[in-house]
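Reminder, nothing fancy here: chain letters follow the sequence lines and each chain counts from 1.
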Number of protein chains: 2
Amino acid sequence: MESVREQLQIFTRRFGLLNASCCDECCGEQVSMAQSYILFEVRRSESPSMQQVAEELGMDVTTFSRQAKGLEARGLVSRRVSADDRRVMFLGLTDDGRKVLEKIDGYMAARLEEVFGRMSSFERETVVRSLGLLNEALIEASQGTANQKGTIACCK
Amino acid sequence: MESVREQLQIFTRRFGLLNASCCDECCGEQVSMAQSYILFEVRRSESPSMQQVAEELGMDVTTFSRQAKGLEARGLVSRRVSADDRRVMFLGLTDDGRKVLEKIDGYMAARLEEVFGRMSSFERETVVRSLGLLNEALIEASQGTANQKGTIACCK
DNA sequence: GTTTATATTTGCATTTTGCAACTATTTTTA
DNA sequence: TAAAAATAGTTGCAAAATGCAAATATAAAC
């Protein structure tokens with residue numbers, strides 16, 4: 001199991017670097033890694049609240065608050081107060097935000113093409129399926145043990 | 001291909017959170033994420049130089065220099081000047097450093113057990129093999145295109 | 001033997017971070 | 001229903017992390 005840990009560790013670190021390089025190559029210093037995570041997550045959820053995103057990203061709410069404000073100031077993210085509960089704010093992407101994210105997507109897609117292009121189609125399928133398995137198992141592990149504290153807490 | 005990107009993005013983010021939680025649960029605020037990366041990488045390479053580690057981690061050398069100094073001050077990392085070239089410093093783990101890293105390993109292993117325990121042995125094997133494929137492809141992609149700048153730069 | 005290149009460190013200014021405390025709103029409860 | 005407790009979000013502040021430019025020390029090149 002230790003080698004798995006090593007593989008995971010190395011892979012995620014390298015993927016992170018890839019990601020970071022895409023962030024600044026595509027949008028000229030405009031978007032930090034954390035910010036791209038936020039944009040990504042806002043798009044993925046349907047108009048999530050501040051809390052929701054902060055929690056999903058494992059980011060302190062206060063830090064998140066500032067980041068969100070920054071993204072709003074740059075016109076990449078919109079915020080509106082919930083009608084049901086005026087304490088909560090829903091986040092959304094502006095057109096510009098969507099555009100920036102699509103640029104990052106483009107860069108990432110190109111890099112991933114280089115990576116996956118080195119695999120056979122069988123290997124590619126295996127890898128894709130594995131990622132799905134990993135994500136599911138991670139979610140299950142974090143939900144299934146929600147009552148026993150101290151265990152996995154990484155998603156949702 | 002876009003869904004792959006999404007899977008990768010989400011997985012690496014979550015794995016990062018898992019990792020972070022292990023860092024501070026195990027060693028009481030002592031070790032930051034970046035520092036655990038450094039310890040991990042120093043162990044993995046055989047007495048690497050400062051440059052080597054900094055580059056592998058995609059960290060600015062100056063930032064790295066300070067982090068390394070911090071780890072040395074805490075007695076987790078040792079540094080010795082190379083005999084061949086007195087400009088370079090080789091890094092190594094102290095016994096304490098090794099111990100801290102092993103503690104993190106232990107936490108991670110337990111969490112990963114929870115995750116992988118939810119898979120069949122066939123699934124597990126598939127996942128492990130996939131991670132190997134991914135890492136190899138990533139290295140190849142970053143080396144194979146070393147001459148064409150602007151492409152993947154994440155490893156070694 | 002002087003110039004150039006390399007490995008590492010420091011100065012400094014900027015940014016990021018997280019805790020504690022605050023505001024505004026909702027929910028609980030007595 | 002009025003007061004207390006809980007929740008979502010924001011700000012103050014101090015600590016940490018970051019990165020560029022410049023410095024040091026050593027090695028390689030010419």
- Query: With a 4.5 Å limit on heavy-atom distance, are the side chains of Leu71(A) and Ile38(A) in contact?
  - Reply: yes
- Query: Hydrophobic clusters join Ile, Leu, Val, Met, Phe, Trp and Tyr when side-chain heavy atoms are under 4.5 Å apart, directly or via other members; which others share one with Val61(B)?
  - Reply: none
- Message: Rounded to whole Å, please give me the gap between CZ in Arg79(B) and P in dA7(C).
- Response: 16 Å
- Task: Ignoring hydrogens and angles, state whether a donor on the side chain of Asp96(A) or Thr94(A) is under 3.5 Å from an acceptor on the partner side chain.
- Result: no
- Task: Ignoring backbone atoms, establish whether Lys69(A) has a side-chain N or O less than 4.0 Å from OP1 or OP2 of dG9(D).
- Result: no
- Atom CD of Gln52(A) and atom P of dT7(D) are separated, to the nearest Å, by 15 Å
- Qualifying residues under side-chain hydrogen bond (donor to acceptor under 3.5 Å, both in side chains), relative to Ser45(B), sequence neighbours excluded: Glu41(B)
- Consider only side-chain N and O atoms of Thr12(A) and Thr12(B), and report whether a donor and an acceptor are under 3.5 Å apart. no
- Task: Provide, to the nearest angstrom, the distance between the CD1 atom belonging to Ile38(A) and the P atom belonging to dT16(C).
- Result: 10 Å
- Whole angstrom value for the distance that separates C1' of dT8(C) from CZ of Phe90(B): 13 Å
- Item | Atom-to-atom span, CZ of Arg80(B) to C1' of dA7(C) - whole angstrom | 16 Å
- Leu71(A) CG to dG9(D) C1': how many Å, rounded? 16 Å
- Is there side-chain contact between Ser47(B) and Arg80(B), with at least one heavy-atom pair below 4.5 Å? yes
- Item | Met33(B) CE - dG18(C) C1' separation (whole Å) | 17 Å
- Task: Starting at atom CD of Gln51(A), determine the distance to atom C1' of dT25(C), rounded to an integer number of angstrom.
- Result: 13 Å
- Message: Looking only at side-chain N and O atoms, does Ser82(B) offer a donor or acceptor that is under 3.5 Å from a partner on Asp84(B)?
- Response: no
- Query: Other hydrophobic cluster members with Phe122(B), side-chain heavy atoms of Ile/Leu/Val/Met/Phe/Trp/Tyr under 4.5 Å, chained?
  - Reply: none
- Apply side-chain hydrogen bond (donor to acceptor under 3.5 Å, both in side chains) to Arg98(A) and list each qualifying residue two or more places apart in sequence or on a separate chain. none
- A correct 5'-to-3' footprint of nucleotides 24-30 of chain D, with B, S and - meaning base, sugar-phosphate only and no protein heavy atom under 4.0 Å, is -BBS---
Give each protein N/O atom lying under 3.5 Å from an N/O atom of nucleotides 17-20 of chain D, with the pair distance.
| from | atom 1 | to | atom 2 | distance (Å) |
| --- | --- | --- | --- | --- |
| dT18(D) | OP2 | Gln67(B) | NE2 | 3.4 |
| dG19(D) | N7 | Thr62(B) | OG1 | 3.4 |
| dG19(D) | O6 | Arg66(B) | NH2 | 2.7 |
| dC20(D) | N4 | Thr62(B) | OG1 | 3.1 |

